[in-house]
Number of protein chains: 2
Amino acid sequence: MTHTRTTRLERGRSALGPALELVHTGRAPTRAVLTSELGVTRATAGAVAAELEALGLITVDSRPTASAGSQGRPSHRLFLDENGPVVLAAQIHADGYRTALVGLGGRIVATESGCDTIPADPAHVLAEVVASGAGMLERTGRRCLGAALAIPSAVAEPDGEALNPLHLAWPTGAPVRRLFRRALADARIPGVTAGIGFTGNDVNLAALAEHRHGAGRGARDLLCVASGHRGVGGALVLDGRLHSGSSGLALEVGHLTVNPEGAPCHCGSRGCLDVEADPLAFLGAARRAPGPEGSLLRQATDLLREEYDDPSVRAAADLLIDRLGLGIAGLVNILNPDRIILGGLHRELLGADPERLRAVVADRSLWGRSGGVPILPCSLDHNSLVGAAELAWQPVLDDPLVVLEEGAASG
Amino acid sequence: MTHTRTTRLERGRSALGPALELVHTGRAPTRAVLTSELGVTRATAGAVAAELEALGLITVDSRPTASAGSQGRPSHRLFLDENGPVVLAAQIHADGYRTALVGLGGRIVATESGCDTIPADPAHVLAEVVASGAGMLERTGRRCLGAALAIPSAVAEPDGEALNPLHLAWPTGAPVRRLFRRALADARIPGVTAGIGFTGNDVNLAALAEHRHGAGRGARDLLCVASGHRGVGGALVLDGRLHSGSSGLALEVGHLTVNPEGAPCHCGSRGCLDVEADPLAFLGAARRAPGPEGSLLRQATDLLREEYDDPSVRAAADLLIDRLGLGIAGLVNILNPDRIILGGLHRELLGADPERLRAVVADRSLWGRSGGVPILPCSLDHNSLVGAAELAWQPVLDDPLVVLEEGAASG
DNA sequence: CTTGCTTTGTACCGACGGTGAACAAAACAC
DNA sequence: GTGTTTTGTTCACCGTCGGTACAAAGCAAG
């Protein structure tokens with residue numbers, strides 16, 4: 001009993017995790033490339049693939065593949081098991097929440113959204129979120145291996161308090177991770193034990209998702225900047241791992257100075273990115289008052305898309321692009337990423353005038369002339385949600401044999 | 001012949017490198033703690049230690065240790081072999097150069113300095129530097145495993161050009177790494193092949209040295225800020241590895257805005273850290289003209305130490321501390337390090353009024369109130385030099401068996 | 001000094017993962 | 001059809017590491 005456990009935890013095929021990660025991120029479509037990517041012999045790669053298949057995580061298609069092309073015996077193709085286990089991912093945002101069951105590869109199996117107005121009691125919201133997930137699990141009959149939550153706030157490590165849940169009407173410092181774990185424990189979802197239940201900042205998790213499955217694939221040092229409702233968020237993925245700082249508070253980029261004569265900010269300075277390049281700032285620059293319905297992001301996006309011909313809108317867009325570019329240039333000087341991805345309003349601004357933004361960044365970053373950093377729009381739907389799922393999948397990617405634990409509890 | 005080679009390169013005791021690193025950084029004083037730190041059995045740790053001893057890298061002292069204290073059989077103590085191999089480290093700075101032979105553990109075995117005025121031809125300087133190192137190797141009879149160079153300039157990866165060797169009178173973009181390697185190859189130092197010859201920014205390497213052997217030991221995310229002559233440099237060590245960005249240009253912190261009404265900077269903005277918090281700025285704030293002799297750092301340091309009673313000097317120090325604190329706070333918001341180390345003039349400013357700097361950083365960083373980041377002065381002599389040695393040692397720390405290569409070539 | 005107790009080092013065995021080689025299989029080229 | 005190329009599979013061998021048993025070296029108590 002204990003014997004098999006220790007054996008499994010400490011030894012175990014060391015290539016199992018890397019192999020699953022390669023399939024998970026789409027870098028190992030066949031067993032042959034899995035062999036070369038892992039740097040092992042064909043025999044080992046075969047054993048690893050067989051073991052992952054036995055764990056119910058991938059499928060090995062040995063039938064003759066129709067895809068021709070090169071010479072030699074065609075390699076067996078590797079797929080993520082479409083009926084394999086899932087994780088429960090949830091996102092809370094200004095307009096409500098969204099939950100999803102997410103399989104390996106960032107595949108959304110089922111999703112729900114609800115609750116337009118978020119009550120001030122986080123425990124209540126989280127119970128509703130977990131109930132939504134439990135319902136989807138019930139209906140789909142999937143096995144659930146973990147759960148994670150994305151929130152629009154800095155998340156303090158190691159305990160996961162929400163430090164600035166500004167547009168959630170939640171109390172500052174709310175112990176969101178603990179509340180989420182308790183909600184999960186109360187719901188008694190099979191497979192999801194109280195030990196699981198990660199929580200992270202939504203922009204951080206979006207960056208993680210884009211890095212693994214979206215526009216950030218292949219980047220080594222990936223910087224993401226996004227603005228969803230109020231303020232500006234940043235995230236950084238280094239060597240495939242999210243850098244959230246020693247206490248989870250890294251990449252609070254909102255207080256870079258981008259306009260010395262700008263509006264005062266609650267941080268004590270003036271002209272911060274937070275108040276100069278978010279949806280509200282855009283509406284203000286275009287001399288539109290924020291309307292009562294729809295999120296600020298939606299109002300700003302609609303304005304940008306539908307009235308870009310209007311000179312005042314265009315001027316506002318140019319102004320925000322210049323400020324955003326200044327902020328990004330500052331980050332480039334500090335972080336020197338090899339790719340930048342923009343989300344939310346900033347994605348729209350990039351779409352409106354890509355050249356202007358790239359020119360500003362190249363001009364104001366120290367070494368911008370030599371090449372320039374690629375700046376791309378984010379490319380995934382629900383990327384924060386998928387990123388939360390990545391968080392929940394991480395233990396499995398680190399050691400796929402964990403799926404054997406609690407195996408009897410699967411629903 | 002080739003058999004042993006492949007065996008050595010691909011397999012080999014996986015714990016060998018980590019074990020050497022533990023002894024190297026002083027975290028494994030005895031075999032017992034080596035066992036627990038590595039998380040292996042006593043038997044394995046014993047075999048690993050014996051192998052490292054056989055490689056001539058460490059010595060295992062099995063004699064009865066005089067140090068008593070705890071109960072039970074005293075553990076064998078582990079030392080770095082004092083007569084073991086060394087690497088050649090060199091640093092070029094505004095006042096000349098310094099070379100050293102550095103053993104494991106950052107121990108400087110021999111050192112030389114020279115050449116007060118650096119000629120404009122880097123190849124000439126590097127030849128002189130290498131000749132100095134070769135001389136020391138000759139005299140000491142040590143075996144040399146590698147060589148590395150620290151320069152006061154951003155170093156572009158992957159080729160190692162000096163991008164802004166401002167106070168060296170070297171041409172911008174000089175291929176320093178290539179020139180250094182050529183100088184090494186020309187000198188035909190046994191053991192140092194042309195394949196070795198790393199180059200890095202001096203502040204980056206100082207940070208690496210402080211992380212492993214100095215005030216940064218134990219930090220997970222370490223930020224260093226220093227000002228030596230002109231401008232301000234930064235460096236970041238994440239999870240024990242230097243983060244120099246995708247093209248080596250990270251942590252160019254000199255162009256953070258710290259004084260919106262400040263002096264114009266060549267980057268196009270105004271009030272940049274570079275021109276507001278370096279030795280020249282300090283002299284200016286104290287209304288002293290830079291003198292003809294001694295580096296700017298020395299002049300500023302002398303002024304700060306010897307005339308701190310002078311109100312104008314004290315006011316200048318306070319001003320620079322405030323500006324520096326603003327810049328550091330910005331970096332804290334972006335990087336969220338768990339420790340900060342200051343070098344050069346900034347180390348002196350910290351020493352002059354530690355509380356003022358810590359207060360400014362805590363006040364202007366977003367989450368500074370909750371604890372506050374420890375800010376410490378750097379603690380090593382010649383930390384850039386030791387950091388360069390770390391670079392040269394890295395291949396050995398990654399796989400200690402490389403010392404067997406070129407073994408016959410040892411002098 | 002002798003007898004425990006505790007901690008560490010060593011010798012040995014067994015388990016197991018991975019390599020390497022030989023062989024079989026599945027495609028294309030001629 | 002016969003080669004050639006690439007891939008999958010089987011199997012023997014080797015090395016590393018875990019685990020156990022035992023010896024060694026100190027302190028503590030009598």
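Protein chains get the first letters and strands the later ones, always in sequence-line order, with residue 1 at the start of each. Given the structure is predicted, the values throughout are model-derived calculations rather than measurements.
The salt bridge (charged side-chain N to carboxylate O under 4.0 Å, His left out) check on B:Arg31 picks up nothing, with sequence neighbours excluded. With sequence neighbours left out, A:Glu82 forms a salt bridge (charged side-chain N to carboxylate O under 4.0 Å, His left out) with no residue at all. In this view, A:Ala28 and A:Leu22, A:Val23, A:Val33, A:Leu34 satisfy the side-chain contact (heavy atoms from CB on, under 4.5 Å) rule, not counting sequence neighbours. Every residue meeting the side-chain contact (heavy atoms from CB on, under 4.5 Å) condition with A:Asp338, not counting sequence neighbours, appears here in chain and number order: A:Ala219, A:Arg220, A:Asp221, B:Ser246. The side-chain contact (heavy atoms from CB on, under 4.5 Å) test applied to A:Ala207 returns A:Cys224, A:Ala235, A:Val237, not counting sequence neighbours. Residues passing the side-chain contact (heavy atoms from CB on, under 4.5 Å) test with B:Ala47 are B:Arg13, sequence neighbours excluded.
We find that CZ of A:Arg73 is positioned 6 Å from P of C:dA26, with the value rounded to whole Å. Note: CZ (A:Arg77) to P (C:dA26) measures 16 Å, nearest angstrom. Going from atom NE2 of B:His76 over to atom P of D:dA25 covers 8 Å, rounded to whole Å.
Checking the phosphate oxygens (OP1, OP2) of C:dT7, no side-chain nitrogen or oxygen of B:Ser75 falls inside 4.0 Å. One finds a side-chain N or O of A:Arg13 lying less than 4.0 angstrom from the OP1 or OP2 phosphate oxygen of C:dG18. Residue B:Ser62 places no side-chain N or O under 4.0 Å from the OP1 or OP2 atom of C:dG9. Proximity of A:Thr41 to the phosphate of C:dG18: no side-chain N or O atom is located under 4.0 Å from OP1 or OP2.
Within the structure, every pair that satisfies the side chain to side chain donor-acceptor pair (under 3.5 Å) test and touches residues 385-397 of chain A, not counting sequence neighbours, is listed here: A:His24-A:Glu390, A:Arg212-A:Glu390, A:Arg212-A:Gln394, A:His213-A:Glu390, A:Gln394-A:Asp398.
At a non-hydrogen distance threshold of 4.0 Å, A:Ala43, A:Thr44 from residues 42-50 of chain A come into contact with DNA chain C. The stretch residues 27-38 of chain B touches DNA chain C through B:Arg31, B:Ala32, each having a heavy atom within less than 4.0 Å of the strand.
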